[in-house]
Amino acid sequence: MSGNGHGLEVAVRATAELGEGPTWDAAAKRLIWVDILSSRVHTWDPATGRRTVLVTEQHVGAAKPRAGGGLAVNLRDGVGLYGADGGFSWLVREAVPGRRGNDAAVAPDGSLWAGTMRYDEATGGGTLSRIAPDGSRTEILPDVTVSNGIGWSPDGRLMYYADTPTSRIDVFDVAGAQVTGRRPFARIEDGAGFPDGLCVDAEGGVWVALWDGGAVRRYAPDGTLDRVVELPVRRPTACAFGGPDLTDLYVTSARVGLGPAEQPLAGSVLVHAGAGQGLAQPAFAG
């Protein structure tokens with residue numbers, strides 16, 4: 001296991017309150033990420049350094065590219081769409097007082113799997129739902145507390161999922177839109193942080209950011225701990241492969257709960273060049 005984080009650099013120096021959800025937009029060759037509590041969607045082009053900021057009307061848990069251009073966003077009151085022209089419309093609006101959207105991911109079939117959580121993190125107050133391109137919603141998991149990392153195996157037959165306070169990554173069998181056979185894939189031991197956002201590499205390894213753990217871990221397909229990348233921030237939130245060859249691991253982080261002088265890189269986006277080989281991520285088909 002590598003523990004030195006060698007090759008780790010700052011991709012985007014920022015002071016995000018709750019930076020989250022790094023996503024490589026292959027069509028635009030840029031990284032998309034969000035600052036949830038600041039209601040901002042950021043993009044960054046590693047080739048040119050160009051950055052953009054989109055301010056959303058509500059807290060934004062995730063932003064994913066759409067197949068026809070624009071973005072799908074997991075907002076406080078549901079899933080919204082930005083067109084390539086910047087116009088906004090609701091795809092699924094379901095306002096629940098005290099609840100907001102959190103992490104989301106696009107499945108191999110182009111559907112959006114969007115999680116929710118309560119602001120007070122009340123046990124069982126969140127959900128995980130599948131949003132079809134036409135906006136029809138299927139609730140996959142009720143009674144979730146903090147819906148976080150979602151990813152699929154290279155063959156699409158397994159789905160990985162983290163409900164953060166459980167200290168577990170779970171795995172499901174996937175058949176079409178059905179997920180069954182939930183079972184523990186990896187357990188994070190006490191004192192090592194909590195599983196937040198995750199991604200799956202081309203070999204089927206699962207990379208997970210450990211909130212309050214200051215590290216990203218890779219678990220081999222059989223669930224054994226394979227690598228640890230120590231980070232200069234205590235609250236990494238999510239990770240994703242990007243770059244032209246999908247070999248660079250991007251990691252978002254949060255400043256929430258920190259004083260202004262603590263952890264100067266907290267809230268920035270870090271990159272571990274050459275960390276592994278990522279999987280191309282589909283765009284939302286809606």
Side-chain angles (χ1 to χ4, degrees), residues 1-16 19-35 41-53 62-65 71 103-106 108 148-154 160 162 195-211 213-221 225-233 235-254 264-283:
M1 284 188 292
S2 146
N4 57 13
H6 185 66
L8 203 63
E9 297 179 359
V10 179
V12 182
R13 191 173 287 272
T15 54
E20 261 285 6
T23 302
W24 183 252
D25 181 349
K29 298 181 173 62
R30 64 182 183 174
L31 187 77
I32 301 169
W33 58 285
V34 300
D35 185 354
V41 178
H42 296 268
T43 74
W44 175 68
D45 180 334
T48 64
R50 181 171 185 264
R51 293 169 63 173
T52 70
V53 181
K64 303 293 171 180
L71 295 169
D103 203 2
V106 179
N148 255 317
I150 313 154
W152 286 265
S153 60
Y160 300 94
D196 201 327
L198 61 79
C199 67
V200 182
D201 66 26
E203 296 175 354
V206 178
W207 299 72
V208 61
L210 296 181
W211 175 267
V216 170
R217 287 182 174 182
R218 179 186 191 269
Y219 288 90
L225 179 58
D226 177 60
R227 285 178 66 187
V228 179
V229 180
E230 303 286 350
L231 303 170
V233 294
R235 292 187 154 174
T237 53
C239 52
F241 281 96
D245 304 317
L246 296 177
T247 56
D248 301 331
L249 186 73
Y250 290 98
V251 183
T252 47
S253 64
L265 293 179
S268 294
V269 180
L270 307 174
V271 61
H272 187 341
Q277 181 60 57
L279 288 168
Q281 294 299 300

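Since the structure is predicted, the reported quantities are computational estimates derived from the model, not experimental observations.
Residues meeting the side-chain contact (heavy atoms from CB on, under 4.5 Å) test with T237, sequence neighbours left out: L18, E20, D196, W211, T252, A254. Partners of P154 by side-chain contact (heavy atoms from CB on, under 4.5 Å), not counting sequence neighbours, listed by chain and number: V200, L279. Listed by chain and number, the residues in a side-chain contact (heavy atoms from CB on, under 4.5 Å) with P232 are L8, L265, L270 (sequence neighbours excluded). Legend: residues meeting side-chain contact (heavy atoms from CB on, under 4.5 Å) with L246, ordered by chain and number and at least two apart, are W24, Q277, A280. Judged as a side chain to side chain donor-acceptor pair (under 3.5 Å), and not counting sequence neighbours, the contacts of R235 are D212.
Residues S253 and A266 come closest through the heavy atom pair OG-C, 3.8 Å. Across every non-hydrogen atom of A63 and T23, the tightest pair is O-OG1, 3.8 Å. Of all heavy-atom pairs spanning A215 and P236, the tightest one is O-CG, 3.7 Å.
Side chains of P22 and F241 form no contact here, defined as non-hydrogen atoms less than 4.5 Å apart. Y219 places none of its side-chain heavy atoms less than 4.5 Å from the side chain of D226. No side-chain heavy atom of L71 sits under 4.5 Å from any side-chain heavy atom of K64. The side-chain heavy atoms of V208 and C239, taken from C-beta on, include no pair separated by under 4.5 Å. At least one side-chain heavy atom of H42 sits under 4.5 Å from a side-chain heavy atom of D35.
No donor-acceptor pair closer than 3.5 Å links the side chain of D245 to the backbone N or O of T247. Formation of a donor-acceptor pair under 3.5 Å by the R227 side chain with backbone atoms of A275 is found in this model. Judged purely by atom type and a 3.5 angstrom limit, D201 uses its side chain to pair as donor or acceptor with the backbone of G205. A donor-acceptor pair is defined here as one N or O able to donate and one able to accept, closer than 3.5 Å; no such pair exists between the side chain of T52 and the backbone of R50.
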Give every donor-acceptor pair under 3.5 Å between a side-chain atom in residues 27-34 and any protein atom, sequence neighbours left out.
{"residue": "R30", "atom": "NE", "partner": "D25", "partner atom": "OD2", "Å": "3.3"}

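The distance from the CH2 atom of W207 to the NE2 atom of H272 is 6.5 Å, given to the nearest 0.5 Å.
By the 4.0 Å N-to-carboxylate-O rule, E203 lies close enough to R218 to be salt-bridged with it.
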Would V216 and L231 satisfy side-chain contact (heavy atoms from CB on, under 4.5 Å), going step by step from the backbone distance to the final call? CA-CA 7 Å; V216 170; L231 303 170; 3.8 Å; yes
Would V206 and C199 count as a side-chain contact (heavy atoms from CB on, under 4.5 Å) if you check the C-alpha gap in whole Å, the side-chain angles of each, and the deciding distance to 0.1 Å? CA-CA 6 Å; V206 178; C199 67; over 6 Å; no
